[in-house]
Amino acid sequence: MINARTFKGARDFLPEQMLHRERITQIMRNVFKKYGFAPMETPAIEYLDVLTGKYGEDADRLIYRLDYKTGTKDAAALHYDLTVPFSRVVAMNPHLAVPFKRYQIQPVWRADRPQPHQGRFREFVQCDCDVVGTSSIVVDAELVAITYEVLKMLGFNEFVIKINNRKILNGLTQYLGLSPDMTGEVCRSIDKLDKISWEEVAKELLEKGISNDAIKTAETLLTKSEISLSSLSSAFAAIPEALEGIRELEDMFTYLECMGVDAANYTFDLSLARGLDYYTGPIFETKLPNHPHIGSLTGGGRYDNLIGTFTGKSMPAVGTTLGLDRIYTAMEQLEMLVPMKTSTQVLVANFSEATVIPCLQLVAQLRSIGVCTEFYPEQVKMKKQFAYADKQNIQYVLILGEDELRQGKVSLKDMRTGEQVIIGLEEIEREINK
RNA sequence: GACAUUGUAGCUCAGUUGGUUAGAGCAUCGGAUUGUGGUUCCGAGGGUCGUGGGUUCGAGCCCCAUCAUUGUCCCCA
């Protein structure tokens, strides 16, 4: 016998999960389309060299390499995200009308340690929307607006979209008198500020060889609960790159406000870093402040140099990912998902041999007017059929038995209230839509 | 990859200083005079106690190994 089991970090989704997941992605699709994004897909499998060298050293180790022909030019891997494959597509299709806006919903794979409670898996679904071909910060703002709109529609209230800019972080490193190649290290440490105290971060920075002076300087900027962009711009007055980043964010916030995004749900956060190497401009990430153990729900940013790694010519691009599994995990833990086992609204009971034909005609009629209807396939006790409806959370049971057939009527029971009425066929639709 | 945690029925767990035939709740299935669920009552099935060694007259319990789990870190959606 073979031990039936799922691969570590991968999951099956039964109907009660899939109904929710489909609802979530449907909301996303609708919002993406409303903002002018069109669907796209890329293969799950890519040549290894297409993927490597874009994410940073740590992340490269998490790419799922396939054993197939290792060490050859054909070395392959499962895609680690959807942004890099998308960039490859853009590089291969130079005549795309820009700005090109696409969304893409597919599983991705990462070879790290699963932590389901935090919403971390090896196989998980990313829902990306990206725009290439424009440097306008308007689209960066639109991506944040999309994130806001989707999360609001799903019923989230206490979420924060943190926004920062790689240009500001580069400026910060300069400001601290550190060499540019320290930016990554410094960012990784300060990024932890939402989880650990400044003292612990400072200790980590010291271990990384950052001078005490630099740490002291950093402290004045990072330990203010919320440092404003304007106060930062006076601190960074002599650093042109940082000033540019600050201006971009000021514009972004203006746009967000006029698009009606609630300021309670987004904030500038100097400590937001994001690990992926390819980001160049604004970056953003959504967290639930009351549930910090759940990783970021969404994350994205501008990556103006990524497509250039395939073409040699840089091309502005910005995108964000909505993490279906993170969102789902959060909704599960916050008890935002009402139990659902089926879309069926009406179960027609199978009373006897003599009523099968009229029942099937009734079922067809209900389906033709868009009512999701099931006919119980076997003639078993009513008790069993009602118990099935109950277990499946089907709201209505319809009986067309011999008595009803004689009267030309049906019995309709509302399983939630327990009420049962005898009505004519033409009244069914009105009754279940009551 | 580092540290910690836990492995007993499908699930959640009891199981005394080591002592007969390993228990409960939930879930599943069947029944309570044959046209009605979610409440109740009765009954049934289901476990080589993660695996392999060792100690012992005797191991679910003690020892060693191994596999797996879960959590934190790292990093991320």
Side-chain angles (χ1 to χ4, degrees), chain A residues 3-5 8-9 24 28 55-63 79-83 105-128 147 151 184-185 187-189 191-192 195-196 200 204 272-277 279 283-288 292-301 319-330 339 347 349-352 355 376 379-405 410-420 422:
Chain A
N3 181 11
R5 61 210 193 279
K8 190 187 177 77
I24 295 168
M28 290 178 186
Y55 307 107
E57 249 177 72
D58 286 337
D60 270 5
R61 277 188 281 113
L62 300 178
I63 294 173
H79 58 208
Y80 175 89
D81 71 356
L82 302 178
T83 308
I105 299 176
Q106 283 184 253
V108 303
W109 292 269
R110 295 186 186 177
D112 66 351
R113 175 110 195 253
Q115 287 181 51
H117 187 64
Q118 298 176 14
R120 304 175 59 127
F121 307 95
R122 285 181 173 172
E123 177 181 89
F124 60 97
V125 173
Q126 291 197 324
C127 313
D128 277 37
T147 304
L151 292 176
E185 285 294 337
C187 287
R188 267 190 284 280
S189 294
D191 192 42
K192 294 175 196 167
K195 276 188 168 178
I196 62 177
E200 291 168 283
E204 200 175 300
L272 172 68
R274 300 195 49 73
L276 301 182
D277 276 4
Y279 292 119
I283 49 179
F284 21 89
E285 175 171 299
T286 306
K287 295 282 294 182
L288 298 176
H293 71 276
I294 300 174
S296 45
L297 264 44
T298 83
T320 195
T321 301
L322 309 187
L324 175 60
D325 296 272
R326 286 286 166 80
I327 290 171
Y328 183 84
T329 300
L347 175 73
N350 191 338
F351 193 74
S352 69
T355 58
Y376 200 90
Q379 280 150 36
V380 294
K381 291 181 191 170
M382 285 299 112
K383 180 186 172 71
K384 228 183 150 167
Q385 303 193 31
F386 274 83
Y388 172 76
D390 182 51
K391 267 189 266 186
Q392 290 290 93
N393 275 318
I394 298 171
Q395 192 181 354
Y396 293 101
V397 176
L398 217 162
I399 301 181
L400 180 50
E402 267 131 36
D403 294 348
E404 288 85 355
L405 201 55
V410 296
S411 295
L412 181 69
K413 178 161 180 173
D414 184 334
M415 298 293 279
R416 291 188 197 164
T417 61
E419 282 168 26
Q420 184 164 327
I422 297 179

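Throughout, a chain's letter reflects where its sequence line sits, starting with A, and its residues are numbered from 1.
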Assign a letter to each nucleotide of nucleotides 38-43 of chain B from its 5' end: B, base within under 4.0 Å of a protein heavy atom; S, sugar-phosphate only; -, no contact. B-----

In whole angstrom, give me the gap between the C1' atoms of B/rU69 and B/rC11. 15 Å

Student check: side-chain heavy atoms of A/Gln126 and A/Asp81 closer than 4.5 Å: yes

Identify the residue among A/Leu324, A/Thr321, A/Leu82, A/Thr298 that makes a side-chain contact (heavy atoms from CB on, under 4.5 Å) with A/Cys127. A/Leu324

d(OH, A/Tyr376; C1', B/rG37) in whole Å: 12 Å

Considering only the C1' atoms, how many Å lie between B/rC61 and B/rU56, rounded to the nearest integer? 13 Å

Using a heavy-atom cut-off of 4.0 Å across all strands, would you classify A/Phe351 as base, sugar-phosphate, or nothing? base

Considering only the C1' atoms, how many Å lie between B/rA4 and B/rG60, rounded to the nearest integer? 24 Å

Could you tell me whether the side chain of A/Asp325 reaches within less than 4.5 Å of the side chain of A/Val125, counting heavy atoms only? yes

Rounded to whole Å, CZ of A/Arg61 lies from P of B/rA2 at a distance of 12 Å

Side chain proximity check, A/Arg274 to A/Asp191, heavy atoms < 4.5 angstrom: no

Length of the line joining A/Asp414:CG and B/rU36:P, which is rounded to integer Å: 18 Å

Residues which pass side-chain hydrogen bond (donor to acceptor under 3.5 Å, both in side chains) with A/Thr320, listed by chain and number, not counting sequence neighbours: none

Do the side chains of A/Ser296 and A/Lys287 get nearer than 4.5 Å, heavy atoms only? yes

Side-chain contact, heavy-atom cut-off 4.5 Å: A/Ile422 with A/Ser411? yes

Between B/rA68 (C1') and A/Lys8 (NZ): distance, integer Å: 8 Å

Side chains of A/Tyr55 and A/Ile63: does their closest heavy-atom pair fall under 4.5 Å? yes

Quick one: stems for RNA chain B, with Watson-Crick or G-U pairs under 3.5 Å, at least three in a row? B:1-4 with B:70-73, B:10-13 with B:23-26, B:28-32 with B:40-44, B:50-54 with B:62-66

With a cut-off of less than 4.0 Å, is there a side-chain N or O of A/Lys384 near OP1 or OP2 of B/rU36? no

Is the shortest heavy-atom distance from the side chain of A/Phe351 to the side chain of A/Met382 under 4.5 Å? yes

Distance check, P atoms only: B/rA9 and B/rA65, in whole angstrom units. 25 Å

With hydrogens left out and only the distance checked, is there a donor-acceptor pair under 3.5 Å joining A/Glu404's side chain and the base of B/rG35? yes

Take atom C1' in B/rU8 and the same atom in B/rA22, then report the distance between them in whole Å. 8 Å

Reading nucleotides 71-77 of chain B from the 5' end, what letters show protein touch, with B for base, S for backbone sugar-phosphate only, - for no heavy atom under 4.0 Å? BBBBBBB

Taking atom P in both B/rA24 and B/rU6, compute the distance separating them and give it to the nearest angstrom. 26 Å

Say you pick atom P in B/rG23 and the same atom in B/rU48; how far apart are they, in whole Å? 15 Å

Heavy-atom check, side chain of A/Phe124 versus side chain of A/Arg326, under 4.5 Å: no

Is there a donor and acceptor pair, one atom on the side chain of A/Gln385 and one on the base of B/rU36, closer than 3.5 Å? no

Residues at least two apart in sequence or cross-chain that pass side-chain hydrogen bond (donor to acceptor under 3.5 Å, both in side chains) with A/Gln392, listed by chain then number, are none

Using the C1' atom as the point on both nucleotides, what is the distance between B/rG25 and B/rA32, in whole Å? 23 Å

Let's go through A/Leu347 and A/Tyr396 carefully: what are the C-alpha distance in whole Å and the side-chain angles of both, what is the deciding distance for side chain to side chain contact (heavy atoms under 4.5 Å, CB included) to 0.1 Å, and is it a yes or a no? CA-CA 6 Å; A/Leu347 175 73; A/Tyr396 293 101; over 6 Å; no

Using a heavy-atom cut-off of 4.0 Å across all strands, would you classify A/Ala389 as base, sugar-phosphate, or nothing? nothing

Which residues pass the side-chain hydrogen bond (donor to acceptor under 3.5 Å, both in side chains) test with A/Tyr388, not counting sequence neighbours? A/Glu374

Length of the line joining A/Lys391:NZ and B/rU36:C1', which is rounded to integer Å: 15 Å

